[in-house]
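Below: the structure, in structure tokens.
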Protein chains: 4
Amino acid sequence: MTAQAHTRHATRPSKRQLIIETAERLFAEHGYDATSTARIATEAGVPSGLVFYHFATKLDLLLAVVQERPAPREVLRSTARGRTVRRRLRAIVATMAEELEHDRAARIIVFREAQGRPEIASRAAELFAEATETVACVLTGADDVVADPARVQAAAELVVSRVFLDTVALGQAETATHRHAEMIDLIAESLTGGVRAE
Amino acid sequence: MTAQAHTRHATRPSKRQLIIETAERLFAEHGYDATSTARIATEAGVPSGLVFYHFATKLDLLLAVVQERPAPREVLRSTARGRTVRRRLRAIVATMAEELEHDRAARIIVFREAQGRPEIASRAAELFAEATETVACVLTGADDVVADPARVQAAAELVVSRVFLDTVALGQAETATHRHAEMIDLIAESLTGGVRAE
Amino acid sequence: MTAQAHTRHATRPSKRQLIIETAERLFAEHGYDATSTARIATEAGVPSGLVFYHFATKLDLLLAVVQERPAPREVLRSTARGRTVRRRLRAIVATMAEELEHDRAARIIVFREAQGRPEIASRAAELFAEATETVACVLTGADDVVADPARVQAAAELVVSRVFLDTVALGQAETATHRHAEMIDLIAESLTGGVRAE
Amino acid sequence: MTAQAHTRHATRPSKRQLIIETAERLFAEHGYDATSTARIATEAGVPSGLVFYHFATKLDLLLAVVQERPAPREVLRSTARGRTVRRRLRAIVATMAEELEHDRAARIIVFREAQGRPEIASRAAELFAEATETVACVLTGADDVVADPARVQAAAELVVSRVFLDTVALGQAETATHRHAEMIDLIAESLTGGVRAE
DNA sequence: TATGAATGAGTTTTCATTCAT
DNA sequence: TATGAATGAAAACTCATTCAT
């Protein structure tokens, strides 16, 4: 059913999984090209040959890293419990920034290595779509929404773009916090139909 | 081929510049790590040693590519001639997408290679700041703006984030066009204070 | 679990050893800097990459060459069978010159490349100390020695210096032979007879 | 036609001389192979092309460095003013060590680069011969010498070997000082007392 | 299922030397 | 007598991948 089916007998952390996790960290830190398979093996504490026993090529390892890591959909959904758009937005932005900061690896990889690699690019689009869908869904459930679905969708895309770019490309999750407030106000008002303060 | 040397007598296209331009193109196309200095030299038509005569290391060449390329401020400013926020936004989004598509090199490089390279990261932040500043400036000059400067700034950041992420990371400038319309409406309304259609 | 698993110098004709031996010869012949790793690989009959599989850097290969080669202590000791200081000195000088000539590689390397390389320099001092210690030991065992240990030590240092410099630096082992006779007389007398303190 | 005739009117430090001096320092510090002509030019403050204007090849520069530097004969001679062999030896050893330490460049180069380069090797032998000749001469002039010239010559060679090896190869001029005392006693006694031929 | 030595093409970088000015 | 850009061969080192065990 779920991706967990692959890791079902995870009584001990399988070496395959260990390789994926180490690769994820190193790819995120130094980039795909700048990370050698030998180093991955060394830091994972496995013999160098094992990498190619489990993954035919280095690119296959990258794909595994990128695909076997689910988007943090549920976390976003569960933390946005406020009634109003503004409250939900605040929760969403905070959670996303934190999530990306904490478990940014796969996300960073996806956006860095998408260029010229169709599978990665489509996974990048997938992640973006999932994120916006979740955000749109959360916003739609707020009590004070008056905007139509298309508008909500556009708002979700704007918010996700802003947070992604800050965290993934600019790497300034911390400095951006206070600038997010203004953005939240703008989006909230445009969805609730009033320039009136809350 | 040789005739050019005579005709271009006044403005000599220094080989240094030639190397930078070739590197820019290849870095943007394949990424920094995946582009060998040998290939840069070959495609630039210069001997491989010359690359390292002008740039001590490959990274120095990357820095030169990224730093010696100005942001296209004026283009944005000149194309946004409409009176209303909505018209200006349309022009801005179209121009930015086109600009990034056409001369995307440095921008793409900046956002791909920023991770773990402080000089590149700060240049990325610089480019982002310049772009948002320009957009904010253009929007402020519209006839129907009623929002305060902070709000305009937030709007500019949202627009720039959206277009950057689409073009640079997702590489989907073309498919996104129709989705931009909704975003433009959202931003325009939030700055003009009305839910009224134009 | 063989004993080989724990001992470093397992005696198998490994390619690693082959590389060390080839490097030793070439370093001694042409110097460290003037010997390319490619040439070492070619003359050893191994692929060029193998050099760097076994030794992280070229300097590490030099260190291996210099450190994994023991000083010929026993040879010196066994050949000096005469009863008198003079006879033992003759044997020592002849043996040392021959040894250095025959298996001079590591010695030459050590003294040529010590400058500015602490590990090599300390190995040079080590080799010098071992040689003088052995010589002093051999001389002390002669029947006609009357000098105190410090004097014997000084004599040993002089002899070793003279032979080392001739063979290693000046490369004139052959022409120096007849000049050694006078030196042997001088040292022998100073250790055996007429050494009346003033 | 001596080489000195050309550099006689050196009112200002000619750039040629500047290059030689810089090369001497760098060759001594890092070795001939490990010193690039570009670095010599840079540290000498001259354009890189000038090196090859004055010296056809890099090897010619090495030869110039090695040949246009006289042996410090006079210094040795003038400092050894004592009457006895022992006093003169003390002065000689101290002066040589100091001289080699202070102006060691050419000496170090000569002994490092002699291998496989006939001109350098013969210059090394020349320097060694000059040094021993001078020392022998100084010792012969002492009041208490009773040894014959051949013996004095052998003693000179021993002393010079010892000091050269210490300074040039082992680089331990400072730690060796106290060990020199014993050597001086040994040599002094062998030249002054109990010189009974067998 | 694991292992680590082996392979060779490819990478960045160095550098003595040349040459037009 | 200088000058500094240009040149290309060769250097040290990297690395994805293979393979015998």
Side-chain angles (χ1 to χ4, degrees), chain A residues 14-16 19 32-42 45-62, chain B residues 12 14-16 18-19 32-42 44-62, chain C residues 12 14-16 18-19 32-42 44-62, chain D residues 14-16 18-19 32-42 44-62:
Chain A
S14 81
K15 294 192 177 176
R16 186 179 181 281
I19 291 170
Y32 172 77
D33 287 301
T35 303
S36 73
T37 55
R39 183 170 180 193
I40 293 169
T42 300
V46 304
S48 69
L50 198 57
V51 173
F52 287 89
Y53 175 78
H54 284 300
F55 308 93
T57 68
K58 190 187 176 187
L59 188 58
D60 284 331
L61 174 54
L62 173 60
Chain B
R12 47 169 183 178
S14 79
K15 297 196 175 178
R16 186 179 182 280
L18 192 58
I19 290 169
Y32 171 77
D33 287 301
T35 303
S36 74
T37 56
R39 184 169 180 196
I40 294 170
T42 301
V46 303
S48 65
L50 196 57
V51 172
F52 290 91
Y53 176 75
H54 285 299
F55 309 95
T57 67
K58 191 187 176 187
L59 189 59
D60 284 333
L61 174 54
L62 173 61
Chain C
R12 46 179 171 180
S14 68
K15 297 197 177 178
R16 185 179 182 280
L18 191 59
I19 291 169
Y32 171 76
D33 286 302
T35 304
S36 75
T37 56
R39 184 168 181 194
I40 293 170
T42 301
V46 302
S48 65
L50 197 56
V51 174
F52 291 93
Y53 175 74
H54 285 299
F55 309 94
T57 68
K58 191 186 176 188
L59 189 58
D60 284 332
L61 174 54
L62 174 60
Chain D
S14 77
K15 293 192 176 176
R16 186 178 182 282
L18 196 58
I19 290 170
Y32 171 77
D33 286 302
T35 303
S36 73
T37 55
R39 183 170 181 193
I40 293 170
T42 301
V46 304
S48 70
L50 198 57
V51 173
F52 288 88
Y53 175 79
H54 284 301
F55 308 94
T57 69
K58 190 187 175 189
L59 188 58
D60 284 332
L61 173 55
L62 174 60

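Chain letters run A, B, ... following the sequence lines, proteins first and then strands; every chain starts at 1. Here the structure is a predicted model, which means the values were calculated and not measured.
dG8(E) atom C1' lies 13 Å from atom NZ of Lys15(C), rounded to whole Å. At whole-Å resolution of the value, CZ in Phe55(D) and C1' in dA2(F) are 15 Å apart. Distance Arg16(A) CZ to dT3(E) C1': 19 Å, rounded to the nearest Å. Counting to the nearest Å, the C1' atom of dT14(F) and the CD1 atom of Ile40(A) are 14 Å from each other. Whole-Å rounding puts the Leu18(B) CG to dT7(F) P distance at 12 Å. Regarding Asp60(B), its CG atom lies at a distance of 9 Å from the P atom of dT13(E), rounded to whole Å. We find that CG of Leu50(B) is positioned 15 Å from P of dA9(F), with the value rounded to whole Å.
The closest donor-acceptor contact from the side chain of Lys58(D) to the backbone of Thr35(D) lies under 3.5 Å.
Side-chain nitrogen and oxygen atoms of His54(D) include none within less than 4.0 Å of the OP1 or OP2 phosphate oxygen of dT1(F).
Residues Ala41(B) and Ser48(B) come closest through the heavy atom pair CB-CA, 3.6 Å. Contact detail for Ala44(D) and Leu18(D): the closest heavy-atom pair is O-CD2, 3.2 Å. When all heavy atoms of Val51(C) and Thr37(C) are compared, the closest pair comes out as CG2-O, 4.3 Å.
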Fill in the dot-bracket string of DNA chain F, one character per base: . for unpaired, | for a pair to another strand, ( ) or [ ] for pairs within the strand, taking Watson-Crick or G-U pairs under 3.5 Å. .||||||||||||||||||||
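Rounded to the nearest 0.5 angstrom, Ile40(B) CD1 and Leu50(B) CG are separated by 12.5 Å. The distance from the CG atom of Leu61(C) to the OH atom of Tyr32(C) is 7.5 Å, given to the nearest 0.5 Å. Summarising the geometry, atom CG belonging to Leu62(D) is positioned 11.0 Å from atom CZ belonging to Phe55(D); distances are rounded to the nearest 0.5 Å.
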Encode nucleotides 16-21 of chain F as B, S and - characters from 5' to 3', where the letter depends on protein heavy atoms closer than 4.0 Å: B to the base, S only to sugar-phosphate, - to neither. BBB---
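Considering only side-chain atoms of Tyr53(D), the nucleotide from dA2(E), dT1(F), dT7(E) that sits closest is dT1(F).
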